**Student:** 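Please see the structure below; I have some questions.
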Amino acid sequence: MDSRYFSDKVVEWYVRHKRDLPWRDTTDPYKVWLSEIILQQTRVKQGLPYYLDFIKMFPTVWDLASAPEQRVLRLWQGLGYYTRARNLHKCAKVIVSSFDGQFPKSYKELLELPGIGDYTAAAIASFSFKEPVAVVDGNVFRVLSRVFGIKAEINSPAGKRIFASLAEGLLNKEMPDSHNQALMEFGALNCIPKNPPCLTCHLRPHCYAAQEGLQSILPMKVKSKPPRSRYLYYLVVRRRKSLLMRKRNDRDIWHGLFDFYSIESFQPISRGSLQAKIRQALGENVRLDDVSISASYKHILTHQVIHARFVLITGKLDHSEDKNLKFYTFERINDLPKPVLITRFLSDHKSFYS
DNA sequence: AAACCGGGGTT
DNA sequence: AACCCAGGTTT
């Protein structure tokens with residue numbers, strides 16, 4: 001199929017079916033950038049309220065750059081992949097301090113900024129500055145693999161190169177913004193992962209997968225390893241109107257977020273050995289007649305399964321060798337950025353902490 | 001090249 | 001319960 005014909009067909013579909021989304025009303029690179037970072041690995045329905053909150057709280061890149069990182073993380077709470085939020089903040093600071101608040105206009109320069117990779121650089125360059133570069137996101141992988149019958153695996157380095165070069169060849173350089181938007185929107189709404197409506201699709205006559213009935217196996221992927229299990233035993237220590245919280249600063253999950261002191265292992269810990277570890281961590285003055293689990297959550301992530309157990313602790317704390325441990329009042333805890341798991345626990349135990 | 005990094009949704 | 005969505009950085 002001719003490149004131009006393909007592009008025209010998809011854009012034609014886009015004009016009739018596109019969603020009305022706030023970041024499509026503008027070419028302001030700040031808004032385009034913010035929306036693209038939020039929308040990485042995140043569906044529009046989930047990301048939209050966060051986008052609106054961020055624009056309200058930080059209307060310009062200067063507002064975002066001058067905010068404390070904790071406020072940015074707090075606003076990001078619940079979205080996941082928190083390095084996105086830290087890079088968002090870092091990038092805003094770079095834009096203000098090194099670029100006078102103006103985003104660089106080329107794909108190549110955008111690529112140098114923190115948190116901006118191939119996809120996001122191409123999105124900003126084409127949407128805001130009409131640079132003729134092709135975006136290749138999960139939707140584009142899916143549409144191209146099906147329409148052109150590309151069986152290369154979309155998550156292998158070699159496969160990615162194949163799709164990137166195909167996408168570049170297909171790009172309509174006269175209107176890269178509409179072309180890119182159209183291809184992604186078509187993938188998001190019509191050429192969907194499961195049970196796509198091929199029978200009513202206007203690309204059907206030109207689509208390899210639809211003709212061969214292969215839409216369920218395209219795109220191809222190499223499958224990943226099963227996730228590993230982790231066991232987190234959270235010690236919930238209350239002192240009057242305060243809870244002992246800890247800022248996670250190690251190179252691990254939830255970096256920069258607040259949770260409770262925890263004993264962590266890749267295997268479940270027995271009652272007796274947990275009791276010993278608690279004494280070792282908190283000292284002899286902790287009252288430990290029992291280490292009953294007051295709550296238990298299974299938190300399924302892409303690469304790991306977290307088994308979280310919460311143990312309520314009474315008595316006083318002897319040593320706190322961990323400098324990140326500190327008591328925070330209940331009111332203050334609301335402002336701390338926390339993993340969803342902790343938010344869930346606090347919400348389930350309102351009577352305990354308020 | 002492979003591993004790591006969270007949330008949520010659908011079947 | 002099993003599976004799906006998926007871009008950027010680090011190792």
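None of these values were measured; they are calculated from a predicted model. Lettering follows sequence order; numbering is per chain, from 1.
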**Student:** Could you write nucleotides 4-10 of chain B as a row of B, S and -, 5' to 3', where a protein heavy atom under 4.0 Å of any base atom gives B, of only sugar-phosphate atoms gives S, and otherwise -?
**Tutor:** BBBBB--
**Student:** Checking A/M57 now: which residues fulfil side chain to side chain contact (heavy atoms under 4.5 Å, CB included) with it, not counting sequence neighbours?
**Tutor:** A/R71, A/L75
**Student:** Categorize A/T120 for me: base, sugar-phosphate, or nothing, with a 4.0 angstrom heavy-atom threshold over every strand shown.
**Tutor:** sugar-phosphate
**Student:** If you assign each of A/K194 and A/A158 to its closest nucleotide in DNA chain B, which residue comes earlier from the 5' end?
**Tutor:** A/A158
**Student:** Within this structure, what is the CG-to-P distance between A/N87 and C/dT9, rounded to whole angstrom?
**Tutor:** 6 Å
**Student:** Please compare A/P219 and A/G117 by the position of their nearest nucleotide in DNA chain C and report the one closer to 5'.
**Tutor:** A/P219
**Student:** Tell me the interatomic distance from A/M220, atom CE, to C/dC4, atom C1', rounded to whole angstroms.
**Tutor:** 17 Å
**Student:** From A/Q211 CD over to A/H206 NE2, what is the distance, rounded to the nearest 0.5 angstrom?
**Tutor:** 9.5 Å
**Student:** What interatomic distance, in whole Å, is found between P of C/dC3 and the corresponding atom of B/dG6?
**Tutor:** 23 Å
**Student:** Would you check, one step at a time, whether the test salt bridge (charged side-chain N to carboxylate O under 4.0 Å, His left out) holds for A/E174 with A/R4?
**Tutor:** CA-CA 11 Å; A/E174 264 124 64; A/R4 184 54 187 270; 3.6 Å; yes
**Student:** What verdict does the side-chain hydrogen bond (donor to acceptor under 3.5 Å, both in side chains) test give for A/S262 and A/R246, after you've listed the backbone C-alpha separation in whole Å, the side-chain angles of each residue and the deciding distance to 0.1 Å?
**Tutor:** CA-CA 9 Å; A/S262 66; A/R246 175 261 317 247; 2.9 Å; yes
**Student:** Check the angle between the aromatic planes of A/Y30 and A/F103 and answer parallel, tilted or perpendicular using the 30° and 60° thresholds.
**Tutor:** tilted
**Student:** Do A/E264 side-chain atoms and A/Y233 backbone N/O form a donor-acceptor pair below 3.5 Å?
**Tutor:** no
**Student:** Rounded to whole angstrom units, what separation is found between the CZ atom of A/R142 and the P atom of C/dC4?
**Tutor:** 12 Å
**Student:** Within the structure shown, what part of the strands sits under 4.0 Å from A/I37 by heavy-atom distance: base, sugar-phosphate, or nothing?
**Tutor:** nothing
**Student:** Using atom P in both nucleotides, what's the gap between B/dG8 and C/dG8 to the nearest angstrom?
**Tutor:** 22 Å
**Student:** Over how many whole Å does the gap from A/I38 atom CD1 to C/dG8 atom P extend?
**Tutor:** 15 Å
**Student:** Could you tell me the separation between the CG atom of A/L218 and the P atom of C/dC5, rounded to a whole number of Å?
**Tutor:** 12 Å
**Student:** Which one, C/dC5, B/dA1, C/dG7, comes nearest to the side chain of A/F141?
**Tutor:** C/dG7
**Student:** Once you round it to whole Å, what is the distance between P of C/dG7 and OH of A/Y107?
**Tutor:** 13 Å
**Student:** Would you mind reading off the distance between A/K221 atom NZ and C/dC3 atom C1', rounded to a whole angstrom?
**Tutor:** 10 Å
**Student:** Ring-plane angle category for A/W254 and A/H299, please: parallel below 30°, perpendicular beyond 60°, tilted otherwise.
**Tutor:** tilted
**Student:** Over all strands shown, is A/N139 touching base, sugar-phosphate only, or nothing at heavy-atom distances under 4.0 angstrom?
**Tutor:** sugar-phosphate
**Student:** Whole angstroms only, please: what is the CH2-C1' distance between A/W33 and C/dG7?
**Tutor:** 16 Å
